[in-house]
Amino acid sequence: MKTTTCLNSIRTLSSAAAMSVGLSLASISLQAEVVFRFGFDEGTGSTVTNAAGTLTGILGPPVVPNSNPTTSDASPSGGATDKSVVIAAPAAYLLMDSTNNPALHDVTQPITAEAWIKIPEGTTFSFQGITGYGRSWKMGLLDNGDLAFTLFGVVDIDSQVFVPQGSWVHVAAAWEPGVGVRFYLNGVASSFIEETRAMTTPINSYLAVGAAGFSGEPLTASMDRVRVHRAVLTVDQLDSDAATPKAPLGSTVAAFDFTEATPPYSNTGSLPIPARPAQPIQIALSSPKFVTGSPSAKSGDTALFFDGNDTLAIDDPSQIFNLPTGNFTVQAWVKFDILPVTRQVLLGNFGPGGALSFSVAGGGAVQMTTYGIRDVPSAAKVPDDGLWHHLAIVHSNGTDLKFYVDGVLGDTIAYTSGLGTRATTTFHIGSEFGTGLLLNGSIDRVQMDDVPLAQKDLDYLAIPGVTPDAPTLAIGTAVSIAWPTVATGFILQGTADLIALPRKAS
């Protein structure tokens, strides 16, 4: 692998200073600088660092202090023993884990979601979730304060009904597949919005209380009597009488009345699973795991496995991720047990250094996305064999994008649109910004260079710098064929022992 480790200091020299030490600017511009390289060889722990030690990535969501929701004696009914729960950004919300009984997983059945909420006066409007399931649907608020029902990846269905602040309000949304959503405010039918598009299949079995889903858009409000039903409720069936709570219905899957002083909070619906604080669950389930099966197969060489729900964020306030000329080479080793059906992001950056993502689309096609400009899928594909493969994209600014698999050029696409920029100073491995398009597979040796590398300089050798020998053939009294221990550039399809047969007597 060809790298130049002194370029950071060289780049600070003026033209005259460079000439004084025998260097020309032309020679400097031809040298490659590794912007960052993550080898994931820590093996244990909750963080990873790049080879230069200048960047630190957090496995899973960062720990947020004081992230447990709290119980309040205030409630819609005002009863002496009635309580509510106080939800607060960024992490103080609740999750119900229905993995062992996914009663909400069927996207062909109707849903009615309802809750009492009290938003503090003067709260800034933002996208917030009241309740949601599996990154498939949510009932929540838009950034204009309107009540909405969201089909993730499809549409935000705006009720055009503003939710007031400073007092207890009952909100409800009844979604009927193929028909639309009817919205209610304080027990009054407020609007019906037609929507015939289908709901996407859930990606997990978590019901969020006070957020949009497993990992985002928490509400800033007090909540009470949160309920989710597998039916389109009529107005008289809603729990919209503040003084007189209704009992759960036969269709009620989840009903949280928050009568406990501390979490967990019991569910009196048909699924008797409590709601627990989100953060401990998220950290345990959203952290990539170190694995020993790396491309090199060498002892001590570890990789990271992402299960389709894991995140790895790298904070970069100094903007080490920076591509000043627009040229770059991005590469990584990946291993998919099953090729992606939809796009999965290997590296995503939404920052001032260059807004882009490096991903594998459905069917294994390697793809580059320049955010705000263009999606560029390629004909270069990951083989469907469950083995490690090296992927790379080389961008020559103003010219083209080259796509490589295992060091072999798979596609060249003319591209002259350059890179856009965004403001976020955190980039992600295993997802794009906002934890979307999550990776389900293993990844190792993620590297970004700020020049278009030649094929020979790509990190496509399983053991860096070691080219495996070709199979050898020896003919003597017996015939033997030996393959190298580490296979790169070919796949061994099968082996068989050669059994020596006795010679026929003459």
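As the structure is a computational prediction, the values presented were derived from the model and not from experiment. Residue numbers start at 1 and run along the sequence shown.
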Between [Y] and [X], does any NZ, NE, NH1 or NH2 come within less than 4.0 Å of an OD or OE carboxylate oxygen?
X	Y	result
Glu217	Lys138	yes
Asp41	Arg445	no
Arg225	Asp257	no
Asp239	Arg227	yes

Any residue meeting side-chain contact (heavy atoms from CB on, under 4.5 Å) with Pro274, in chain and number order, not counting sequence neighbours: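 Expected list: Pro264, Arg276.
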Partners meeting ring pair (Phe, Tyr, Trp, His ring centres under 6.0 Å) with Phe336 (sequence neighbours left out):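 Applying ring pair (Phe, Tyr, Trp, His ring centres under 6.0 Å) to Phe336 gives none.
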Counterpart residues, ring pair (Phe, Tyr, Trp, His ring centres under 6.0 Å), relative to Phe40 (two or more places apart):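 Partners of Phe40 by the ring pair (Phe, Tyr, Trp, His ring centres under 6.0 Å) criterion come out as none, since no residue qualifies.
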[atom1] of [X] to [atom2] of [Y]: how many Å apart, nearest 0.5 Å?
X	Y	atom1	atom2	value
Leu304	Asp444	CG	CG	7.5 Å
Phe183	Asp158	CZ	CG	7.5 Å
Asn397	Leu419	CG	CG	7.0 Å

Thr56 side chain to Thr49 backbone, donor-acceptor under 3.5 Å: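 It does not hold such a pair.
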Distance alone, cut at 3.5 Å: any donor-acceptor contact between the side chains of [X] and [Y]?
X	Y	answer
Asp375	Thr369	yes
Ser75	Asp224	no
Thr99	Tyr206	no
Asp411	Ser378	no

Sequence neighbours excluded, every pair satisfying side-chain hydrogen bond (donor to acceptor under 3.5 Å, both in side chains) that has a member inside residues 166-178: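 Counting only pairs at least two positions apart or across chains, the side-chain hydrogen bond (donor to acceptor under 3.5 Å, both in side chains) contacts touching residues 166-178 are Glu114-His170.
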Pairs satisfying ring pair (Phe, Tyr, Trp, His ring centres under 6.0 Å), at least one member in residues 225-248, at least two apart: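 Of all non-adjacent pairs touching residues 225-248, none passes ring pair (Phe, Tyr, Trp, His ring centres under 6.0 Å).
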Pair listing, ring pair (Phe, Tyr, Trp, His ring centres under 6.0 Å) test, anchored in residues 84-110, at least two apart: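 Only His105-Tyr133 qualify under ring pair (Phe, Tyr, Trp, His ring centres under 6.0 Å).
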Is the count of non-hydrogen atoms from other residues, nucleotides or ligands lying under 6.0 Å from [X] atom [atom1] greater than 12?
X	atom1	value
Asp236	CG	yes
Lys381	NZ	no
Glu194	CD	no

Phe38 and Phe427 aromatic ring geometry - parallel, tilted or perpendicular at 30°/60° bounds: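 Rings of Phe427 and Phe38: perpendicular, over 60°.
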Near-ring test [Y]/[X], centroid separation under 6.0 angstrom:
X	Y	value
Trp137	Phe149	yes
Phe36	Phe321	yes
Tyr371	Phe433	yes

